[in-house]
Amino acid sequence: MTDDVRARPAAFPPRLVAAGAADAPFRTVLAVDDLPPGEMRRVSFGDLDVLLAHTTRGIYAVDDRCPHMSAPLSIGALDGCIVACPLHNGRFDLESGDPTQMPTTGGLDPDGVYHPTWSPPGSPEKPDAPGKKAEARRLTRVRRFRYYAVRVVDGQIEVALPD
Ligand code: FES
């Protein structure tokens, strides 16, 4: 077993390990050649969809569900360590796990601080309409990423995944 020098796993905040993943066995998920720098892929195991992202700090594995309303981040965009969600323009830092731009719908950040709705430049203003849908948006908390440990062995990316 040899480490692959072309790609490396990225360190993540230990307190943000995914549930059940701290002592999970490593499983081979993808060849390093299939995840060039700057790219993302979804890999699925049963009903668990995992996002692999080859960032400027290395390879991360998190749930392929936006920490806002669960949209697949694998079809979003990766810029350095920042993932942009395709649904509400939320942006999330894979290094820290934190949002760097709240979704257009606003809501609660990971610490419970409320942020209002907003519109991208050039788009009409988005009113925060009354009613249950708006209330649900206001009460939706954007969470921090939860991580799965990654290692690279013999040209293969391995991820610690719970059974
Ligand atoms: S689902 Fe990703 S920003 Fe809303």
Side-chain angles (χ1 to χ4, degrees), residues 7 9-22 24 29-30 34-150 157 159-162:
F12 60 83
R15 68 191 169 90
L16 297 182
V17 66
V29 297
L30 195 70
D34 292 332
L35 189 69
E39 296 209 3
M40 301 190 290
R41 295 275 186 279
R42 168 185 274 199
V43 292
S44 297
F45 297 86
D47 64 358
L48 178 63
D49 300 315
V50 175
L51 172 72
L52 294 175
H54 196 161
T55 75
T56 47
R57 298 194 67 83
I59 298 171
Y60 287 98
V62 296
D63 292 313
D64 189 18
R65 297 163 65 88
C66 178
H68 178 226
M69 290 185 182
S70 298
L73 292 173
S74 54
I75 61 170
L78 178 64
D79 180 9
C81 278
I82 306 296
V83 182
C85 177
L87 199 52
H88 307 116
N89 288 311
R91 293 176 188 274
F92 308 93
D93 186 348
L94 281 161
E95 184 179 4
S96 66
D98 287 321
T100 60
Q101 176 174 280
M102 285 291 286
T104 54
T105 55
L108 304 176
D109 68 21
D111 297 317
V113 177
Y114 175 69
H115 298 258
T117 57
W118 63 278
S119 299
S123 299
E125 190 175 333
K126 183 184 295 230
D128 196 6
K132 284 287 184 190
K133 281 179 74 172
E135 185 180 358
R137 288 195 295 266
R138 283 194 296 273
L139 292 176
T140 297
R141 186 195 295 260
V142 175
R143 300 190 178 277
R144 293 184 173 90
F145 283 124
R146 292 294 185 270
Y147 295 83
Y148 302 92
V150 172
I157 300 167
V159 179
L161 296 171

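One-based numbering, in listed order, for ligands and for the atoms of each.
In summary, E135 and K133 do not engage in a salt bridge, as defined by a charged side-chain N under 4.0 Å from a carboxylate O. Taking the charged nitrogens against the carboxylate oxygens, R42 and D63 have no contact shorter than 4.0 Å, which rules out a salt bridge. A salt bridge links R144 with D98: the distance from a Lys NZ or Arg NE/NH1/NH2 to an Asp or Glu carboxylate oxygen falls below 4.0 Å.
The shortest non-hydrogen separation linking R141 to D111 is NH1-C, 3.7 Å. Between W118 and P103, the shortest heavy-atom contact is NE1-O, 2.9 Å.
Within 4.0 Å of ligand 1, contacts by protein heavy atoms are made from C66, H68, M69, A71, C85, L87, H88, G90, P103.
Using a distance-only test at 3.5 Å, with no hydrogens or angles considered, a donor-acceptor pair links the side chain of Y147 to the main chain of G97.
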